[in-house]
Amino acid sequence: MKICNIRNVKEFAERLVDCEGTIELINENGARIHFLHGKEVAEQLFLFHMAGGIREIDLIFHKNEDFHRILSYLVNHKKIPA
């Protein structure tokens with residue numbers, strides 16, 4: 001799942017903490033970084049992207065429930081500029 005323009009990194013990271021399955025983050029070089037659960041991904045987001053939001057992130061969810069949880073958040077809660 002490629003996600004763009006995350007302005008509220010804290011809120012997005014809080015949603016990732018709820019994920020129960022493995023999540024892979026694909027970096028700019030195409031390397032896959034495996035995380036055992038959403039809390040690990042959230043910690044990385046805080047370290048690298050707290051200031052100014054996230055321009056683009058590519059995540060792979062190994063549990064369908066996690067994918068649908070994040071998709072639902074993005075569709076229903078992400079603020080879209082007017």
Side-chain angles (χ1 to χ4, degrees):
M1 172 187 287
K2 189 172 294 253
I3 306 167
C4 300
N5 300 320
I6 300 171
R7 291 189 176 89
N8 190 339
V9 176
K10 181 180 178 187
E11 184 177 320
F12 180 69
E14 288 170 355
R15 297 301 179 264
L16 289 174
V17 169
D18 294 335
C19 294
E20 298 173 356
T22 300
I23 300 172
E24 293 180 62
L25 182 138
I26 302 175
N27 69 16
E28 295 101 16
N29 300 324
R32 292 182 177 200
I33 304 167
H34 296 265
F35 296 100
L36 296 178
H37 48 75
K39 184 176 181 182
E40 292 177 339
V41 179
E43 290 168 355
Q44 289 297 312
L45 294 181
F46 280 129
L47 290 175
F48 295 111
H49 300 289
M50 263 320 270
I54 298 172
R55 187 175 53 84
E56 183 176 288
I57 189 170
D58 200 355
L59 300 173
I60 297 173
F61 297 93
H62 288 255
K63 287 185 84 171
N64 279 342
E65 297 86 6
D66 294 336
F67 172 83
H68 290 290
R69 178 181 290 122
I70 297 302
L71 181 61
S72 176
Y73 161 73
L74 293 171
V75 169
N76 295 312
H77 296 97
K78 188 174 177 188
K79 293 180 177 45
I80 300 171

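Numbering starts at 1 and runs along the sequence shown.
- Remark: I3 CD1 to L71 CG distance equals 9.0 Å, nearest 0.5 Å.
- When H68, R15, E11 are each tested for a side chain to side chain donor-acceptor pair (under 3.5 Å) with Y73, only one passes: E11.
- To the nearest 0.5 Å, atoms CZ (F35) and OG1 (T22) are separated by 11.0 Å.
- Note that the CD1 atom of I60 and the NZ atom of K2 stand 10.5 Å from one another [nearest 0.5 Å].
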Notebook entry, point to check: Under the side chain to side chain contact (heavy atoms under 4.5 Å, CB included) criterion, do I70 and F12 qualify, and how do the steps go?
Noted result: CA-CA 9 Å; I70 297 302; F12 180 69; 4.0 Å; yes
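- Atom CD of E56 is separated from atom CD1 of I26 by 10.5 Å, given to the nearest 0.5 angstrom.
- Under a hydrophobic clustering in which Ile, Leu, Val, Met, Phe, Trp and Tyr are joined whenever their side-chain heavy atoms come within less than 4.5 Å, directly or via other members, L59 and V17 fall into different clusters.
- Taking CD1 from I23 and CG from L16, the interatomic distance works out to 5.5 Å, rounded to the nearest 0.5 Å.
- The two residues D58 and M1 have their closest heavy-atom pair at OD1-O, 3.2 Å.
- Electrostatic pairing of D66 and R69 counts as a salt bridge here, judged by a charged N lying under 4.0 Å from a carboxylate O.
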